[in-house]
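Data block below; observations after.
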Amino acid sequence: MRDPSWSCHLLHVDMDAFYASVMVRDRPDLDDVPVIVGGGYRGVVLSANYLARGSGVRSGMPMTRARRACPAAVVVPPDYDTFSTVSSSVIETFRRITPTVEVVSLDEAFLDVSGTARRLGSPLQIAEYLRARVHDEQRITCSVGVAASVSIAKLASRRAKPDGVLVVPPGEVTTFVHPLDVGELWGVGEKTAGQLHRLGLHTVGDVAHTPLRTLQRAVGQALGRQLHDLAWGTDRSTIAARDASVFGGDPDKSMGAQETFGRDTDDREVVLREMLRLAARVSNRMRVAGVAGRTVTITVRFADFTTVTRSRTLPEATDVTREIHQTATRLYDALGLQRARVRLVGVRVEGLVPRASVQRQLVLGEREHGWADADRAVDRAALRFGSSAVRPASLLP
DNA sequence: TCTGGGGTCCTAGGACCC
DNA sequence: TCTGGGGTCCTAGGACCC
């Protein structure tokens with residue numbers, strides 16, 4: 001009998017409990033123990049192994065709740081350097097199979113195997129080969145969805161978890177997706193699922209049989225269209241070879257940093273000092289990437305979790321710490337807060353363009369150039385002596 | 001000790017311009 | 001002088017994804 005995966009050309013590969021798997025693979029003592037990656041004060045679960053998930057632990061869950069749900073769990077802090085090293089190796093393994101690899105995140109990628117299927121066998125055989133290679137080389141497992149469109153492959157890999165493969169050929173798409181809950185669809189989170197449920201739409205099949213107009217009235221123009229496509233499996237079927245973290249990928253449109261305080265604060269000086277730290281971090285990343293941006297946005301989250309944003313578009317794109325921080329300060333002061341308890345602040349620069357394309361107006365002149373020069377001196381010192389070597393006076397301990 | 005941090009995209013209203 | 005449509009930019013908020 002003919003292997004049904006021959007009618008598919010896309011693989012979606014998803015590492016199983018990636019962070020948790022990486023953290024425990026060199027620790028035999030954690031083999032049969034529930035493990036949660038996360039921690040810190042006021043944090044959330046980044047990843048949990050399947051033993052911890054068995055107790056109801058989910059990623060994104062507040063750590064306090066996770067510890068209550070699974071008191072026996074060992075909590076380990078994340079090690080991002082190791083995560084990205086392992087991730088790069090896994091991607092390399094993928095690229096040895098096909099050059100067309102679209103990297104979604106550290107633990108997820110799409111592969112187009114239409115060019116390699118003859119050499120290495122059917123897409124299903126390639127999926128099994130790939131899983132074996134990853135396991136041999138990295139001692140962690142992954143799951144693979146095989147289909148003819150992006151979203152079906154992604155749904156398939158989720159159903160294949162953990163440590164499995166699922167093939168959904170085109171002829172079986174509707175029988176596969178229609179029974180699923182609407183919440184499984186890409187782009188449907190808690191809010192949209194609730195909205196759809198209120199309309200009496202619970203399964204993907206319900207969505208499929210709802211007129212496009214009705215859908216769009218309920219959830220908006222774009223999302224309505226998208227859900228309609230997903231429900232019939234008529235979404236994107238091609239991928240673009242790209243790697244988010246490497247030169248040649250899509251350029252960033254914004255860069256930002258935010259931080260939750262260890263304790264809520266109503267002290268303007270504390271908030272502004274934090275914003276300076278964030279502005280310095282962001283502008284340094286911008287200069288390393290060789291970009292500048294015109295719109296500065298701040299985020300302020302209060303103790304009750306309500307969140308506001310304020311933004312201001314500058315006449316000229318900038319990558320200068322002082323300009324970003326000054327703009328952020330003005331935006332913060334314009335909020336006119338009186339003893340409001342602040343939980344988190346963030347600074348983001350949007351509308352990024354290559355710095356080389358920015359004509360800095362000479363009239364703005366010398367002073368600002370002075371600050372830009374200072375930034376570059378700080379960057380050089382940070383490169384040589386570490387990022388804590390040089391910092392604004394107000395950030396000295 | 002409820003609820004991180006990095007992003008992207010969409011919507012909607014108002015300003016402004018043609 | 002009783003009323004047009006686009007298009008673009010800016011701002012704020014919201015939803016979602018990993």
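Keep in mind that this is a model prediction, so the values were computed, not measured.
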Per A/Val104 side chain, nearest of listed nucleotides B/dG5, C/dC18, B/dC2: C/dC18

Distance in angstrom units between A/Leu155 CG and C/dC17 P, rounded: 11 Å

Any-strand Watson-Crick or G-U partner of C/dG6, both distances under 3.5 Å: B/dC17

Polar side-chain atom of A/Asp16 near backbone of A/Asp163 as donor-acceptor pair, under 3.5 Å: yes

C/dG13 OP1/OP2 closer than 4.0 Å to side-chain N/O of A/Lys191: no

N or O in side chain of A/Arg310 less than 4.0 angstrom from C/dG13 OP1/OP2: yes

Anti/syn call for C/dC2, syn if |chi| within 90°: anti

Touch class at under 4.0 angstrom, heavy-atom based, for A/Gly38 against every strand present: nothing

Sugar-phosphate only, base, or nothing, as touched by A/Leu344 at under 4.0 Å among non-hydrogen atoms: sugar-phosphate

Qualifying residue, where the test is salt bridge (charged side-chain N to carboxylate O under 4.0 Å, His left out) with A/Asp375 and the options are A/Arg322, A/Arg287, A/Arg355: A/Arg287

A/Arg281 side chain, from C-beta outward: closest of C/dC18, B/dG6, B/dG5: B/dG6

Sugar-phosphate only, base, or nothing, as touched by A/Arg65 at under 4.0 Å among non-hydrogen atoms: nothing

B/dT3 OP1/OP2 closer than 4.0 Å to side-chain N/O of A/Arg301: no

OP1 or OP2 of B/dT8 under 4.0 Å from side-chain N/O of A/Ser254: yes

Side chain of A/Thr309 - closest among C/dA12, B/dT3, C/dC18: C/dA12

Sugar-phosphate only, base, or nothing, as touched by A/Met255 at under 4.0 Å among non-hydrogen atoms: sugar-phosphate

Stacked cation flag A/Arg263 on A/Phe261, 6.0 angstrom / 45 deg: no

A/Arg273 with A/Asp267: basic N within carboxylate O range, under 4.0 Å: no

Below 4.0 Å: OP1/OP2 of B/dC9 and any side-chain N or O of A/Lys253: yes

Face-to-face contact A/Phe305 to B/dT3 six-ring, under 5.5 Å, under 30°: yes

Residue whose nearest DNA chain B nucleotide is more 5′ - A/Gly220 or A/Gly43: A/Gly43

Parallel, tilted or perpendicular, as decided by the 30° and 60° cut-offs, for the rings of A/His202 and A/His197: parallel

A/Thr313 vs C/dT11: side-chain N/O to OP1/OP2 distance below 4.0 Å: yes

Residue A/Glu259, side-chain heavy atoms: nucleotide from B/dT3, B/dG6, B/dG5 that is nearest: B/dG5

Side chain of A/Thr192 (C-beta onward), nearest among C/dT11, B/dG6, C/dA15: C/dA15

Nearest-Å distance for atom pair OH/P, residues A/Tyr80 and B/dG6: 10 Å

Contact under 4.0 Å: A/Arg68 side-chain N or O vs B/dT1 OP1/OP2: no

Sugar-phosphate only, base, or nothing, as touched by A/Arg263 at under 4.0 Å among non-hydrogen atoms: nothing

Among B/dC2, C/dC17, B/dG6, the nucleotide that comes nearest once only the side chain of A/Gln258 is considered: B/dG6

Touch class at under 4.0 angstrom, heavy-atom based, for A/Leu185 against every strand present: sugar-phosphate

Between P of B/dA12 and CD of A/Gln216, the distance in whole Å: 12 Å

Side-chain N,O (A/Ser311) to OP1/OP2 (C/dC10) below 4.0 Å: no

A/Ala222, nearest nucleotide to its side chain (from C/dG13, B/dC10, B/dT8): B/dC10

Touch class at under 4.0 angstrom, heavy-atom based, for A/Arg67 against every strand present: nothing

